[in-house]
Amino acid sequence: MLAEARRKTSDLERQNAVLIASHQAMITAVGELGDMRAWRRFFEDYQHILDYLEEGGALGQNDAEITELDRG
């Protein structure tokens, strides 16, 4: 039972790392391909997700600067 719980935890940690990496790549790609205007258009409805990723330390330094620019 404990081994199964550890396996599930490990699987969830791996899944979380993959999701964070994919979000970082997407955020970076949108910023590089279309500058701030495209970035704002793409993420307009997802600011709460960006805030959550930033609070959790999932965004890199450049991505954090983009979210700050978007706010003001």
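Positions are given from 1 along the sequence.
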Asks: Within this structure, what is the CG-OG1 distance for the pair Leu2 and Thr9, rounded to the nearest 0.5 Å?
Replies: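 One gets 9.0 Å once the value is rounded to the nearest 0.5 Å.
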
Asks: Within a reach of under 6.0 Å around CZ of Arg6, are more than 12 heavy atoms found that belong to other residues, nucleotides or ligands?
Replies: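 Counting other residues, nucleotides and ligands, CZ of Arg6 stays at 12 neighbours or fewer.
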
Asks: Can you list everything that forms a salt bridge (Lys or Arg N to Asp or Glu O under 4.0 Å) with Glu13? Sequence neighbours excluded, please.
Replies: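 Partners of Glu13 by the salt bridge (Lys or Arg N to Asp or Glu O under 4.0 Å) criterion come out as none, since no residue qualifies.
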
Asks: Rounded to the nearest 0.5 Å, what's the gap from NE2 on His23 to OH on Tyr52? Could you check?
Replies: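 Taking NE2 in His23 and OH in Tyr52, the distance rounds to 11.0 Å.
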
Asks: Applying side-chain contact (heavy atoms from CB on, under 4.5 Å), name anything that partners Gln15, two or more places apart in sequence or on another chain.
Replies: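 Result, side-chain contact (heavy atoms from CB on, under 4.5 Å) vs Gln15: Leu12, Leu19.
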
Asks: May I have all residue pairs that pass salt bridge (charged side-chain N to carboxylate O under 4.0 Å, His left out) and include part of residues 14-26, sequence neighbours excluded?
Replies: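 Listed once each, the pairs are Asp11-Arg14.
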
Asks: Who passes side-chain contact (heavy atoms from CB on, under 4.5 Å) against Glu55, sequence neighbours left out?
Replies: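 So Glu55 forms a side-chain contact (heavy atoms from CB on, under 4.5 Å) with Asp51.
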
